[in-house]
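All remarks here apply to the structure that follows.
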2 protein chains.
Amino acid sequence: MKLTTKGRYAVTAMLDLALHAKDAPVPLADISRRQGISLSYLEQLFAKLRRNELVNSARGPGGGYRLNRAAEDIPVVAVINAINENVDATRCGGLGNCQDNEPCLTHELWMDLSERIHEFLAGISLGDLVSRREVQAISARQDGRVVERVLMADSSL
Amino acid sequence: MKLTTKGRYAVTAMLDLALHAKDAPVPLADISRRQGISLSYLEQLFAKLRRNELVNSARGPGGGYRLNRAAEDIPVVAVINAINENVDATRCGGLGNCQDNEPCLTHELWMDLSERIHEFLAGISLGDLVSRREVQAISARQDGRVVERVLMADSSL
DNA sequence: ACATTCCATACTATTTTAGTCAAGATATAT
DNA sequence: ATATATCTTGACTAAAATAGTATGGAATGT
Ligand code: FES
Ligand code: FES
């Protein structure tokens, strides 16, 4: 079972994308600023997300990343898998051979747990998260900072 | 979220204990042999399990470890927690402060996931596992080897 | 031309894992 | 008493993973 900052960052970044990708592509620099994730690290994560065809990209000014499918069609588990964090709690990877080519005493337990986790994360899409009220509130707070900054920049003209 | 070989070993060893602690204490050497876990490593794990009062010990010949409570009263999650593997999927440890002292975008998601995992592992006791048929079958297989060895030793007298 | 953005690769400090090893304390059987 | 089985403690370590940083380039819009 692997669920570390890497996977959490990936989901957070994808959710940021889903929240902001109304029209124009979203540059990683924006996500980095809003979510407090190192730009270089984001680049590594998005390389994997792109290889897994969860996002597509556009280079040059005005470029950035876009979701490759509707947010409703991207379950959270797909993002985590794309990052190479598998949601498997067994030691054997489901093969049932981790002790001398036979299932260990607790194989079934970890299989059951893995299934529960998988079900949960497969049942929630980025679209579901976008429509949650607390997510919208947090996103507004994060955008608020940016908006303030833009307004101040405008007022300085 | 941490669930590694360490936690799985601990649960496996405790289940072995539950299966064999009918009367006499069970020495770690037996568990090591049956479950294929390094003896020294088991010693480290049982030091923690003892500090958490999940097991008690008896030294000297005929000594070993015993469950400190009925198997039915030891949920799997207690074993994992005793080993210092917490079943928390958040980054903030539930505090909701992982981004600039405010909850990050995905805080609720990881909270929900943590709760699911905890519920699952708290709802299964060692006693439950002992009474599962596939666990009994695997245990019989493991004991089978030992029994054969004992029989051969006897027949050589 | 130039700034912006993605793209790719290599590097690294720190931490964790999954142990090993050594020395000792304690209880039991003979 | 002595030998042996067993727990108890602490130090040590090789290998892997994490969470990044650093550097340089390639494409694209203005
Ligand atoms: S976890 Fe699957 S066989 Fe041990
Ligand atoms: S995971 Fe709780 S605030 Fe980010």
Side-chain angles (χ1 to χ4, degrees), chain A residues 1-13 17 20-21 24-33 35-68 80 83-86 88 91 98-99 104, chain B residues 1-13 17 20-21 24-33 35-68 80 83-86 89 91 98-99 104:
Chain A
M1 172 76 213
K2 240 188 322 184
L3 181 53
T4 66
T5 304
K6 196 184 334 190
R8 283 189 291 255
Y9 275 175
V11 175
T12 302
L17 204 52
H20 294 92
V26 180
L28 290 188
D30 287 7
I31 301 182
S32 170
R33 183 163 14 87
Q35 306 305 331
I37 306 172
S38 141
L39 178 58
S40 274
Y41 204 37
L42 274 178
E43 283 170 346
Q44 286 179 52
L45 300 181
F46 273 79
K48 292 189 177 185
L49 295 171
R50 198 172 54 93
R51 270 181 239 125
N52 282 70
E53 298 179 334
L54 294 179
V55 298
N56 58 60
S57 59
R59 295 208 258 202
Y65 283 94
R66 272 206 194 90
L67 294 183
N68 209 19
I80 294 177
I83 293 301
N84 287 353
E85 295 204 329
N86 61 342
D88 180 12
R91 178 169 146 87
C98 89
Q99 189 194 358
C104 67
Chain B
M1 172 76 212
K2 238 187 326 184
L3 181 54
T4 65
T5 302
K6 194 182 341 187
R8 282 188 292 255
Y9 274 176
V11 175
T12 301
L17 204 50
H20 293 92
V26 179
L28 291 188
D30 287 6
I31 301 181
S32 170
R33 183 164 15 89
Q35 306 306 331
I37 305 172
S38 140
L39 178 59
S40 277
Y41 204 38
L42 275 178
E43 284 169 348
Q44 283 180 54
L45 300 181
F46 274 80
K48 292 189 176 184
L49 295 171
R50 198 172 55 92
R51 270 181 237 124
N52 283 69
E53 299 179 334
L54 293 179
V55 298
N56 57 59
S57 58
R59 295 206 255 200
Y65 284 94
R66 273 207 193 89
L67 294 183
N68 208 19
I80 294 176
I83 292 303
N84 288 353
E85 295 204 329
N86 63 342
R91 179 169 144 88
C98 89
Q99 189 192 358
C104 67

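Protein chains get the first letters and strands the later ones, always in sequence-line order, with residue 1 at the start of each. Only a predicted model underlies this, so the values are computations on that prediction, with no experimental measurement involved.
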Proximal nucleotide (of [options]) relative to the [X] side chain:
X       : options                : result
B:Thr5  : C:dG19, D:dG20, D:dC7  : C:dG19
B:Lys2  : C:dT17, D:dT18, D:dT9  : C:dT17
A:Arg59 : D:dG20, D:dT28, C:dT17 : D:dT28
A:Thr4  : D:dG20, D:dT18, D:dT8  : D:dT18
A:Pro61 : D:dT18, D:dT28, C:dT17 : D:dT28
A:Tyr65 : D:dA11, C:dC7, C:dA27  : C:dC7
A:Ser40 : D:dG20, D:dA22, C:dC7  : D:dA22

Fill in: Main-chain N/O of B:Leu28 paired with B:Ser32 side-chain donor or acceptor, under 3.5 Å
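Absent.
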
Practice prompt. Tell me which of A:Ala58 and A:Ser38 sits closer to the 5' end of DNA chain D, going by the nucleotide each one is nearest to.
Written response: A:Ser38

Worksheet entry | Given DNA chain D, 5'-ward residue of the pair B:Arg91 and B:Leu39, judged by closest heavy atom | B:Leu39

Worksheet entry | Protein-nucleotide distance (B:Tyr9, atom OH; C:dT20, atom C1'), rounded to Å | 14 Å

Worksheet item: Less than 3.5 Å between a donor and an acceptor, one on the side chain of B:Gln44 and one on the base of C:dT20, is that the case here?
Response: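 In this structure, the two groups form a donor-acceptor pair.
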
